[in-house]
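Structure first, then comments.
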Amino acid sequence: MPELPEVEVVRRRLSALILDRAITEVRVSRANYAFLTLPAQLRRRLLGRRFLEIKRHGKYLLFDLDDASRLVVHLGMTGQLITSHAVNPRLYHSREKAPNGARGEFVPDEHTHLSLDFADRGAGLHFRDTRKFGKLLWLPEGAEDPRLTRLGVDAREITATQLAEASARRGIAVKALLLDQAVLAGVGNIYADESLFLARIAPLRKAHSLTEREVKVLTQCIRRVLERAIAKGGSTIDDYVHPDGSEGQFQHSFSVYGRDEKPCRRCCTLIKRVVIGQRSSHFCPNCQR
DNA sequence: ATCTGTCCCTGGACGC
DNA sequence: TGCGTCCAGGGACAGA
């Protein structure tokens with residue numbers, strides 16, 4: 001489940017690989033839930049262009065093209081952006097074996113929705129997404145999309161003032177507030193749980209019940225957790241891999257996420273799991289108040 | 001304006 | 001072994 005750190009790592013690594021290379025071929029799958037821009041149009045818009053820069057806002061990747069249009073990509077739950085050199089069993093359907101054993105090229109399968117070739121015959125790029133919660137959208141020059149305009153400040157840059165302002169008038173659980181992309185963009189289930197643990201705040205606390213001090217601490221903890229995760233290449237749990245097929249390592253540093261019924265790393269109390277806003281939340285009942 | 005519940009999708013876990 | 005059922009989750013949307 002790619003969140004801000006995973007998307008940022010993909011952004012950085014892809015930037016080093018695909019910028020300023022002319023797109024010579026575009027292969028698209030049949031229209032499906034992931035295509036906000038229809039496959040044929042997407043192909044037409046990308047063919048012959050080159051990417052000048054990759055930006056990110058929250059969990060969205062923004063690929064700026066040389067005609068001032070833009071390709072918007074969201075990885076959803078299971079989206080992957082990988083080069084044709086990527087090797088990892090996570091890139092294949094469970095029924096299949098990785099072609100050519102461990103050292104093959106990536107072979108597009110039924111979950112590969114977009115593939116790009118580049119002029120210099122270096123690595124190609126593939127977008128793969130089994131559950132199709134990811135999104136592909138092409139925007140002409142200057143065009144806006146509510147998906148992007150509705151986003152709050154990028155979570156790496158959230159300030160205590162902004163978080164305080166948002167929480168003051170919200171009666172929802174603080175965990176649900178952190179997941180609200182209109183408040184701060186990029187935090188998902190993993191990093192919301194990890195941030196709240198670090199800040200020692202219980203996820204079920206009402207947002208407007210937080211003290212000024214707590215909001216300040218939470219702000220710092222969100223930023224700290226995100227930076228640590230980026231430094232470790234993000235978290236690989238089910239599907240997330242780097243563009244070259246390698247894996248993130250932050251999953252080994254989780255304090256609470258996915259650790260229900262395991263002892264808290266701080267106090268040994270068993271980590272609990274509750275459902276907040278249809279999402280599972282993990283916390284230490286002793287450390288987090 | 002804010003909040004809650006439902007839905008999209010598919011592989012994996014689990015029970016029988 | 002093989003089937004059915006449930007669950008995970010980001011975000012859009014409908015309805016309260």
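Chain naming here is simple, since letters A, B, ... match the order of the sequence lines and numbering starts at 1 in each.
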With distance as the sole criterion, do the side chain of A/Y33 and the base of B/dC9 form a donor-acceptor contact below 3.5 Å?
-> no
Rounded off to whole Å, could you give me the CG-to-P distance for the A/L137 and C/dA12 pair?
-> 11 Å
Atom CG of A/D239 and atom P of B/dG12 are separated, to the nearest Å, by 9 Å
Ignoring the backbone of A/S280, work out which of B/dG11, C/dG9, C/dG10 is nearest its side chain.
-> C/dG9
Could you tell me whether A/Y257 contacts a base, only the sugar-phosphate backbone, or nothing, with contacts defined as non-hydrogen atoms closer than 4.0 Å?
-> sugar-phosphate
Please round to the nearest 0.5 Å and tell me the distance separating atom CG of A/N286 and atom NZ of A/K272.
-> 12.5 Å
For A/F133 and C/dG10, say yes or no: do the ring centres fall under 5.5 Å of each other while the ring planes differ by less than 30°?
-> yes
Roughly how many Å is it from CD in A/E6 to C1' in C/dG9, rounded to a whole number?
-> 14 Å
Identified salt bridge (charged side-chain N to carboxylate O under 4.0 Å, His left out) partner of A/D66 from the options A/R45, A/R21, A/R49 | A/R49
Rounded to whole Å, NE2 of A/H208 lies from P of B/dA1 at a distance of 18 Å
A/K132 side-chain N/O to B/dC8 phosphate OP1/OP2 under 4.0 Å | no
Hey, does the Lys NZ or Arg CZ of A/K135 hover above the aromatic six-ring of A/F35, less than 6.0 Å from the centre and inside 45° of the axis?
-> no
Donor/acceptor link under 3.5 angstrom from A/R150 side chain onto base of C/dG11 | no
Taking the side chain of A/M77 as its heavy atoms from C-beta onward, which of B/dT10, C/dG9, C/dA12 lies nearest to it?
-> C/dG9
Cluster question for you: counting only ILVMFWY and a side-chain heavy-atom cut-off of under 4.5 Å, with indirect links fine, are A/L62 and A/L75 together?
-> no
Decide whether A/L210 and A/I172 are clustered together by the hydrophobic rule: side chain heavy atoms of Ile, Leu, Val, Met, Phe, Trp, Tyr closer than 4.5 Å, transitively.
-> yes
Does a nitrogen or oxygen in the side chain of A/H111 sit under 4.0 Å from OP1 or OP2 of B/dC9?
-> no
So, is A/R131 close to the C/dG9 phosphate, meaning a side-chain N or O under 4.0 Å from OP1 or OP2?
-> no
C/dC7 C1' sits how many Å from A/D260 CG, rounded?
-> 13 Å
A/Y60 or A/H282, whichever maps to the more 5' nucleotide of DNA chain C = A/H282
Whole-Å distance, A/Q80 CD to B/dG11 C1', equals 13 Å
Would you mind classifying the nucleic acid contact of A/K59 as base, sugar-phosphate or nothing, using non-hydrogen atoms under 4.0 angstrom?
-> sugar-phosphate
Could you check which residues of residues 165-196 of chain A get a heavy atom under 4.0 Å from DNA chain B? Sort them by number, please.
-> A/R169, A/R170, A/G171, A/I172
Separation of B/dC8 C1' from A/N32 CG (nearest whole Å) = 12 Å
Give a yes/no answer on whether the side chain of A/H74 brings an N or O atom under 4.0 Å of OP1 or OP2 in C/dG11.
-> yes
Measure from CZ on A/R279 to C1' on C/dA8 and round the result to the nearest Å.
-> 9 Å
Whether A/Q181 side chain and A/G186 backbone form a donor-acceptor pair below 3.5 Å | yes
Would a hydrophobic clustering, with Ile, Leu, Val, Met, Phe, Trp and Tyr connected at side-chain separations under 4.5 Å, put A/V26 with A/L125?
-> yes
Is the closest side-chain donor-acceptor distance between A/R13 and A/H242 under 3.5 Å?
-> yes
